[in-house]
Amino acid sequence: MSKLLLKNVRLEEAYERENEHIVATRTGIYDVLIEDGHVQQVDKDIVVDGDVEVIDAQQQLLVPSFREMHIHIDKTYFGGEWQAPRPITKGILTRIEEERTLLPQQLPTAAYRAEEMVKWLISQGHTHIRSHCNVDPQIGTKHIEITKQVLANYQDQITYEIVAFPQHGLLRSNVEGLMREAMAMGATLVGGVDPSIVDRNIEKSLQTTMGIAQDYHAGIDIHIHTANTLGEFEFYKLIELTKQAKKEGQVTISHAMALADLEQSRLENLVQAMAEVQMDVTTTVPIDLNRSTIPIPYLYNNGVKVSVGHDSLTDHWSPYGTGNTIMKLNVMAERFRFIDEYSLSRAWKYASGGITPLNDAGERVWPQVGDKANMLLVDGVSTAHVIARRCPITTVISRGKMIHQQDVGELKGEFR
């Protein structure tokens, strides 16, 4: 039986109010005892006999760990030499054409770079990773094999999902057979990309994707970048197929750009329809001066769960990924004008699978006895402070085991 005792951790206890407005977060110093990957006791001055690992948190804040819900560890420049993406001339098709020669060339380094990404994501507080993995005519299912092996090397530290992803188009590249092979190899979700733009056949593309998901009893994570009412049409078609296949709660739309384009009444109707089938959205919170950001708070408040992901760290698509989810939440908070203690603190849920130390009413709901011990120690005084000032993570704990630690004295904390 493995035991871990966290001494002197800072836990959020309640919101403090002034003239009925929340102005601060009250915290207290506690000990947290973890046994076999779950919280067993939260109290002051816990004393434990026997074999137990002890970490003195030095009054650092304890918060839920992160879930990286959208990353491509299989195709990256991370861990290699610097290279900026080439100019785009044909939109997404530019990148698809590049991959036909680039991905086979990268196969000798793909496993090493994927592992470097996983180690970095762990250091940035992630205890779960959902990785999309290319399945295409040039590399077949080799990336599935590589991704499976790399993630299996870290199965004692993190949990993970693998999305079989037909980046070059399910129909366009004729890879239904390869997709089925990928699912048989152990991919856990069926991917897809832009049925109208890439496959040029919305009905057949989505039906084929759903058919694979049904045959392998799997969920779906489909990338839909399509804008405006065409994207809206794709959403409704996917909602219809989700109902028919009884896949409620098993379908994710990544990017979901059309949600930023619709006028309010159309948005309301679509969000209601998505909520009815428990469809969720993953976003990278893109900053683009030429278009709006999808309405993340509105979606969540109306029954459509939203998660954040980084998509990449650096690759032939983008050079900007950091893997730093505190920074990602900071960008999102600034974009939606979360400037007060309450709104800042509520942003944590977008990166943690909905888990926050305090509920909306300000009652402590985490950590509680029985909770999974996936948690971070951060050099901050509240989740609001951590997000606004980008406070550094010092310790990552997954299933009750410390999987990463950095000395608090080594951290600059220049934003604090």
Side-chain angles (χ1 to χ4, degrees), residues 70-76 90 92-111 113-114 117 129-152 160-225 234 237-238 241-242 245 247 250-255 282 311-312 315-317:
H70 187 124
I71 193 74
H72 297 256
I73 70 169
D74 64 315
K75 50 182 184 182
T76 182
K90 303 177 184 178
I92 189 175
L93 299 182
T94 294
R95 299 306 183 216
I96 289 173
E97 291 176 4
E98 286 177 338
E99 289 191 358
R100 290 172 182 160
T101 55
L102 179 63
L103 296 190
Q105 291 172 356
Q106 288 185 333
L107 279 174
T109 61
R113 293 180 179 184
M117 284 184 71
I129 295 173
R130 175 183 287 190
S131 181
H132 300 261
C133 184
N134 259 53
V135 174
D136 63 61
Q138 285 70 45
I139 59 169
T141 58
K142 290 179 182 178
H143 274 202
I144 295 285
E145 183 179 339
I146 290 169
T147 300
K148 275 186 61 183
Q149 185 57 57
V150 168
L151 290 171
Y160 56 86
E161 302 165 282
I162 299 173
V163 184
F165 185 54
Q167 177 73 81
H168 302 178
L170 178 61
L171 306 182
R172 183 188 181 92
S173 59
N174 192 29
V175 291
E176 180 182 351
L178 286 173
M179 287 287 289
R180 291 181 176 276
E181 182 180 333
M183 297 306 296
M185 290 172 63
T188 53
L189 293 157
V190 180
V193 60
D194 294 334
S196 59
I197 297 173
V198 178
D199 275 343
R200 310 292 290 178
N201 189 328
I202 295 172
E203 189 93 17
K204 185 177 180 181
S205 180
L206 290 178
Q207 286 181 345
T208 305
T209 300
M210 187 62 75
I212 298 171
Q214 287 181 285
D215 290 347
Y216 288 90
H217 308 289
I220 289 173
D221 190 332
I222 184 168
H223 298 198
I224 300 182
H225 307 83
E234 290 176 318
K237 179 55 65 175
L238 184 56
L241 292 173
T242 299
K247 288 287 183 182
Q250 300 180 57
V251 177
T252 297
I253 298 179
S254 287
H255 303 299
T282 301
D311 206 351
S312 71
D315 58 18
H316 63 289
W317 292 77

If you look at every heavy atom in [X] and [Y], which pair is closest and at what distance?
X      : Y      : answer
Ala164 : Ala187 : CB-CB, 3.9 Å
His255 : His225 : CD2-NE2, 3.2 Å
Pro104 : Ile139 : N-CG2, 4.0 Å
Arg113 : Gln106 : NH1-NE2, 3.8 Å
Ala213 : Gly219 : CB-O, 4.4 Å

Measure from the side-chain N and O atoms of [X] to the backbone N and O of [Y], and report whether any donor-acceptor pair falls under 3.5 Å.
X      : Y      : answer
Ser131 : Ile73  : yes
Asp221 : Gly191 : no
Glu234 : Ser196 : yes
Thr147 : Ile144 : no
Thr188 : Glu161 : no
Lys148 : Met185 : yes

Got a second to check how far [X]'s [atom1] is from [Y]'s [atom2], nearest 0.5 Å?
X      : Y      : atom1 : atom2 : answer
Cys133 : Leu151 : SG    : CG    : 9.0 Å
Asn134 : Lys75  : CG    : NZ    : 3.5 Å
Ile224 : Ile197 : CD1   : CD1   : 10.0 Å
Leu102 : Glu97  : CG    : CD    : 13.0 Å
Asn201 : Glu203 : CG    : CD    : 8.0 Å
Thr209 : Leu241 : OG1   : CG    : 9.0 Å

Within the 4.5 Å heavy-atom criterion, are [X] and [Y] side-chain neighbours or not?
X      : Y      : result
Thr76  : Ser312 : no
Pro137 : Val175 : yes
Val198 : Ile96  : yes
Ile220 : Met210 : yes
Asp194 : Ile222 : no
Ile212 : Met183 : yes
Arg172 : Leu170 : no
Asp136 : Leu103 : yes

Check whether more than 12 heavy atoms from other residues, nucleotides or ligands sit under 6.0 Å from atom [atom1] of [X], and answer yes or no.
X      : atom1 : value
Glu145 : CD    : no
Asn174 : CG    : no
Arg200 : CZ    : no

**OP:** Answer yes or no: is there an ion pair linking Arg95 with Glu99, defined by an N-O contact shorter than 4.0 Å?
**Re:**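 A salt bridge is absent here (no side-chain N lies under 4.0 Å from a carboxylate O).
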Subject >> Residues Asp199 and Lys204 bridged, charged N to O under 4.0 Å >> reply: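 Lys204 and Asp199: not salt-bridged.
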Original post:
Hey, what's the ring geometry for His70 with His223, parallel, tilted or perpendicular (30° and 60° as the breaks)?
Top reply: tilted
**OP:** Ignoring hydrogens and angles, state whether a donor on the side chain of Glu181 or Thr141 is under 3.5 Å from an acceptor on the partner side chain.
**Re:** yes
Original post:
Looking at Met117, His132, Arg130, which hits side-chain contact (heavy atoms from CB on, under 4.5 Å) with Ile71?
Top reply: Met117
**OP:** For the pair Phe165 and His72, evaluate ring pair (Phe, Tyr, Trp, His ring centres under 6.0 Å) and give the outcome as yes or no after the intermediate values.
**Re:** CA-CA 10 Å; Phe165 185 54; His72 297 256; 5.5 Å; yes
**OP:** Show your working on side chain to side chain contact (heavy atoms under 4.5 Å, CB included) between Leu238 and Ile253 and close with a plain yes or no.
**Re:** CA-CA 10 Å; Leu238 184 56; Ile253 298 179; 4.0 Å; yes
**OP:** List for me each residue that meets ring pair (Phe, Tyr, Trp, His ring centres under 6.0 Å) alongside His168, sequence neighbours excluded, and say none if there are none.
**Re:**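 For His168, no residue satisfies ring pair (Phe, Tyr, Trp, His ring centres under 6.0 Å) once neighbours in sequence are set aside.
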